[in-house]
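What follows is a single structure, written as structure tokens, with notes after it.
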Amino acid sequence: MCGIVGYIGRKDAKEILLHGLEKLEYRGYDSAGIYVQNKAHEGHLFKEKGRIAALREKVDTSVEASAGIGHTRWATHGAPSVRNAHPHQSASERFTIVHNGVIENYQEVKDAYLADIDLKSDTDTEIIVQLIAWFVEEDDLTTKDAFKKAIVALEGSYAIALMDSEDPDVIYAAKNKSPLLLGKGDGFNVICSDAMAMIKETDQFVELMDKEVATVTRESLVIEDFSGDVIDRDAYTAEIDSDDLEKGTYPYYMLKEIDEQPAVMRKLLQKYQDDNGDLTVDQEIVDTMLESDRIYIIAAGTSYHAGLVGKQLIESMTHIPTEVHVSSEFGYHTPILSEKPFFIFISQSGETADSRQVLVKTNALGHPSLTVTNVAGSTLSRESNFTLLLHAGPEIAVASTKAYTAQIAVLAILSEVVGKSKGLIHKGTMLHDIGIVANAMQAIVDDKEKIEELAAEYLSISRNAFYIGRGMDYHVALEAALKLKEISYIQTEGFAAGELKHGTIALIEEGTPVIALVTEKGVAGHTRGNLQETKARGAHTMVISMDGLDRPDDQIVIPHVNPLLSALVSVVPTQLLSYYCSLHRGNDVDKPRNLAKSVTVE
Ligand code: AGP
């Protein structure tokens, strides 16, 4: 959450920072700011509440500067406002910083060092810059030493960029837990939370690690540890196609990303295929999984929902018992673990702080782990033993769609490969079945006008809604409900169909939309019965069924696919229902209120 950028070079820093922030807006979008300074030591600070577009309006275009830092915010401490927007400055305005993360001991730091200073904001961030100034003034330290001393005093997560108006030719940077990249150019250097922000300037990036400090000038990037030892680290080439970062002719990224799902399925089949045309994954992953006696899937939000489907895939194809846990719960209330656990972290971004704190703990215990992520080189990917990539291309909309289906497809491929290795599966079908899924997805996205009409009919004025299902359909109901609530703001529950009558059915009123998912033969009749129970109490019911289990009145019938993979297809109409509902309500589909794409705070 929150995105930071920095540039020091020869071009117009304002424009580069603003463009970078636009690309990072998915990380937070309640306020933003930039600070630029020129060689004559003149600094200019611009901040605005709301989106980058609002900040752009506020920036004085006549200001000339070739170095600066910028920030787009997702509020943690202090309401979204100009006063709380970054960058923040020391009392003398000599030092300016941007920060992504949460300083857990900010009150203690304030009490110990800054009791006499009138803070200008309600943020935890401001104490960092005041502390740096305090160390420079009181302890007579250089800026770099004061920066180091300040960050050693901090507890929590941070990615920080610092500028000193008395030394306009350098940006200092450091990080702990929150991501930060350094980008190398010819006569310029950059910093950013995500390579996407600066890919227009360079594709050469160096990762900054925890407990390191970077000194960034026009000509050099120097990384050192806290004791001053210089660290030599090679740059890597970020493979981001700038076209993938644009919406093209789509009104919103979410619609583009829903439409891309058939292509993502096909791409995954290519990426995980060997020269003989068989599905394959790294043998070390397979062997480690085979040695384990229990799999623990750890994830949050939509990725957790993909994990629920993953459990069914893994257990049915590998017979390895599997548990799925919400990461923010697991880390602090860890169940008794089996003797040989294997951890699978599922995370689109690879940066989710809740999941990372679990990984830190499982690493400390020496348990093997795999990260299933869309972002190569992300924190979870780097810190776990193995990675399987989603190959979904950048997912920009806050509401995750193609990452969810890619996560399930990767887990299906992994399960089949492990099941084969274990001798449980003789002839794999996933290659063929996921191909069929891609075609089924295509049929649904090609018929989206019908779903738009259903969204208008069922959801345009409703206050609340329900998705119900059993088994795999229940897992999809949870994801469908999350998707609808996060972008339409309709209070939606995903519910086990059979459980409704045990209390929650009391919420059904005249006209309450209840959408049943019916793709599993063994329980289809039961789910339909539960839907009838809501209809008898006034619900406005809809059925999403699978071909073969459909009835004439069903509103949406998805093509028939391998029932183990039904989630990949049945979720697509629910994504489209959410999209159109949000659109009709006039919401910002891609940037729903209160949310951010990459959740890097606990
Ligand atoms: C999805 O629509 C959500 N925005 C959210 O639940 C997300 O899946 C969750 O924050 C986990 O993110 P991750 O996959 O990047 O770890």
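First listed ligand is number 1; within each ligand, the first listed atom is number 1.
H367 pairs in a side-chain contact (heavy atoms from CB on, under 4.5 Å) with only one of the listed residues (F342, Y296, F343), which is F343. Only one option out of N100, I4, V5 pairs with L24 in a side-chain contact (heavy atoms from CB on, under 4.5 Å); it is V5.
The aromatic rings of Y458 and H540 sit parallel, their planes meeting at an angle under 30°, below the 60° perpendicular limit.
A distance limit of 4.0 angstrom between heavy atoms and ligand 1 selects the residues A300, G301, T302, S303, S347, Q348, S349, T352, V398, A399, S400, L482, K483, E486, V599.
Using a 4.0 Å cut-off between a side-chain N of Lys or Arg and a carboxylate O of Asp or Glu, E257 and K247 do not qualify as a salt bridge.
Between K448 atom NZ and Q575 atom CD the span is 11.5 Å, to the nearest 0.5 Å.
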In a table with atom names and distances, give each donor-acceptor pair under 3.5 Å that connects a side chain of residues 591-599 to protein atoms at least two apart or in another chain.
{"unit_1": "K597", "atom_1": "NZ", "unit_2": "E395", "atom_2": "OE1", "d": "2.6"}
{"unit_1": "K597", "atom_1": "NZ", "unit_2": "A397", "atom_2": "O", "d": "2.7"}
{"unit_1": "K597", "atom_1": "NZ", "unit_2": "V398", "atom_2": "O", "d": "3.4"}

